[in-house]
Number of protein chains: 2
Amino acid sequence: MNIHSNQKTLSALGNSGSKREQIIDATIRLISEYGFHGTPVSMIAQEAGVGAGTIYRYFKDKDSLVLEIFAQVNRDFQSTMLDQYDARQPIRDRFFHLCRGIFQYGIENPHKFKFMEQFYNSPYGTTLRREKLFCNCDDSSQELSLEQLFSKGQAQQLIKDIPLATLIAHSVGPIVFLVKDSIAGLIHLDESTIDSSLTACWDAIRVRSQQSDILEP
Amino acid sequence: MNIHSNQKTLSALGNSGSKREQIIDATIRLISEYGFHGTPVSMIAQEAGVGAGTIYRYFKDKDSLVLEIFAQVNRDFQSTMLDQYDARQPIRDRFFHLCRGIFQYGIENPHKFKFMEQFYNSPYGTTLRREKLFCNCDDSSQELSLEQLFSKGQAQQLIKDIPLATLIAHSVGPIVFLVKDSIAGLIHLDESTIDSSLTACWDAIRVRSQQSDILEP
DNA sequence: TTGGTTGGAATGAATATTCATTCCAGGTTT
DNA sequence: AAACCTGGAATGAATATTCATTCCAACCAA
């Protein structure tokens, strides 16, 4: 359409980002809905308002398009989670902060969220997880944040002494589940629902003590 | 290969089930790994040791093949969950029974489990969930079982008074998460890990009382 | 033989990718 | 300034590949 007109200023420098962004956005939207194999490149081109060939000026092929987007979205997600994260806060508060971050990101970026889900439920995802586990090259990933948190919590006898994977599953699993339902329009995630879920997450992994909450540094 | 040889006995009666089964099994295996659009019919035929055309003798098209399999696997799953289910047991015990059933089914039928996951994360799945929610035609579904359980538990003040969807998310979500990791070979789900997860599920949704467990009918 | 079943080549539609061409902002020449 | 180049970006028709489905010759049981 009239894309050209209002970008004369940008085009001087590396305006090349514009089309690229359009393509990326369209891909996220479509793949989040129809999945990788369910969205032809032609459809991406149309949704992006771009010629089919243009896509190949910015990305080697469909595969690397998706791979690049995933890396980008993943960074985006992690930085949301770690935004305003203060490692000096009590364990419980930090746990709430990180988990609330998942809710927030999913609600604010439904397409990106579903895109990541699609990705994880594909042949790509499996290999990626494997790599993540076996070589911890990624420094400040979400899982690592939770991992450190859990170790410390266990040392302080605040968090159950059960396998790390179980702790992660009971933190991330329910939230992903709820966000998916929310995106599907099956439920509405208001503040109180989110709070009750976060409390449930915490109750699942915390050590059962009689007095509970109040006595934490 | 030599599939023909050892099936002469069956072919006397309604052997038509045999090829059908081979096709179904192959489809489950492949789709669980590569997804619907990622597995061509030709690949299914090869994996099943069957001509491509044969598939169309048993199923109208690829769509109805998948739809039929889903219905079948779903029934299978539900009957596993409800096997030996005794509605007269205490709430807590019934909850453990149902949740343990999810673990069991996933561990014993990894391909079927991943197949269902693929299905739910596809355009099919979304519509299906909707129907399930809005018209409760399905009588003894897993969700309904949990639903009834939760209502009763809430009435008895055993289970938190939070939205049903949240309760379900905190029961099913972590288990699905762990089973997926287990199938991917990232963790091993031994009995003690499963137990700790089930306890965590229960802790997430139960009302926090001082004495806790022991005082239940 | 006859009726039905099977395998897999054949078909056409859909798809990813390529490439010859067009377009245009910015620079150069007059 | 006006007319004219120029190189890179954009395009979409053309090509190559993959896929679901169809079709039929060979096969098998009765």
Peer 1: Nearest to the side chain of B:V41, heavy atoms from C-beta on, is which of D:dA20, D:dA9, C:dT18?
Peer 2: D:dA20
Peer 1: Classify the angle between the aromatic ring planes of B:H97 and B:Y85 as parallel (below 30°), tilted (30 to 60°) or perpendicular (above 60°).
Peer 2: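 Tilted.
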Peer 1: Flag the pair A:F70 / A:F77 as yes when their ring centroid distance falls below 6.0 Å, and as no otherwise.
Peer 2: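 They do not qualify: ring centres at least 6.0 Å apart.
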Peer 1: If each of B:A52 and A:H37 is mapped to the nucleotide of DNA chain C with the nearest heavy atom, which maps nearer the 5' terminus, i.e. the 5' end?
Peer 2: B:A52
Peer 1: How long is the line joining CG of A:D61 and P of C:dT15, in whole Å?
Peer 2: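 Rounded to the whole Å, the gap is 18 Å.
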Peer 1: On DNA chain D, compare the nucleotides closest to A:T54 and B:T54; which residue's is nearer the 5' end?
Peer 2: A:T54
Peer 1: To the nearest Å, how far apart are B:Q46 CD and C:dG7 C1'?
Peer 2: 13 Å
Peer 1: Using whole Å, report how far CZ of B:R57 lies from P of D:dC24.
Peer 2: 14 Å
Peer 1: Which nucleotide sits closest to the side chain of A:Y56: C:dA16, D:dA20, D:dT11?
Peer 2: C:dA16
Peer 1: I want to check one thing: is the phosphate of D:dC19, taken as OP1 and OP2, less than 4.0 Å away from some side-chain N or O of B:S42?
Peer 2: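 For D:dC19, OP1/OP2 do not have a side-chain N/O of B:S42 under 4.0 Å.
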Peer 1: Distance check needed: C:dT6 P versus B:I44 CD1, whole Å only.
Peer 2: 17 Å
Peer 1: Please state how far atom CD1 in A:I23 lies from atom C1' in D:dA10, giving the value in whole angstrom units.
Peer 2: 10 Å
Peer 1: Rounded to whole Å, how long is the line connecting atom NZ of A:K62 with atom P of C:dA14?
Peer 2: 16 Å
Peer 1: Within less than 4.0 Å of OP1 or OP2 of D:dG8, is there a side-chain N or O belonging to A:K19?
Peer 2: no
Peer 1: So, OP1 or OP2 of D:dA10: does either fall under 4.0 Å of a side-chain N or O from A:Y58?
Peer 2: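 True: A:Y58 side-chain N/O within range (under 4.0 Å) of D:dA10 OP1/OP2.
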Peer 1: Between C:dT5 atom C1' and B:Q22 atom CD, what is the distance in whole Å?
Peer 2: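 It works out to 14 Å between those atoms.
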Peer 1: Tell me: CD1 of A:I55 to P of D:dG12, nearest whole Å?
Peer 2: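 From A:I55 CD1 to D:dG12 P: 12 Å.
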Peer 1: Measure from the side-chain N and O atoms of B:Q154 to the backbone N and O of B:K160, and report whether any donor-acceptor pair falls under 3.5 Å.
Peer 2: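 Indeed, once roles are kept as given, a pair shorter than 3.5 Å links the two residues.
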Peer 1: Mark yes or no for whether A:D83, through its side chain, and A:S79, through its backbone, hold a donor-acceptor pair below 3.5 Å.
Peer 2: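 Side chain of A:D83 to backbone of A:S79, a donor-acceptor pair under 3.5 Å: no, none is there.
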Peer 1: Can you tell me if B:T199 uses its side chain to pair, donor with acceptor, with the backbone of B:D195 under 3.5 Å?
Peer 2: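 Side chain of B:T199 to backbone of B:D195: a pair is present.
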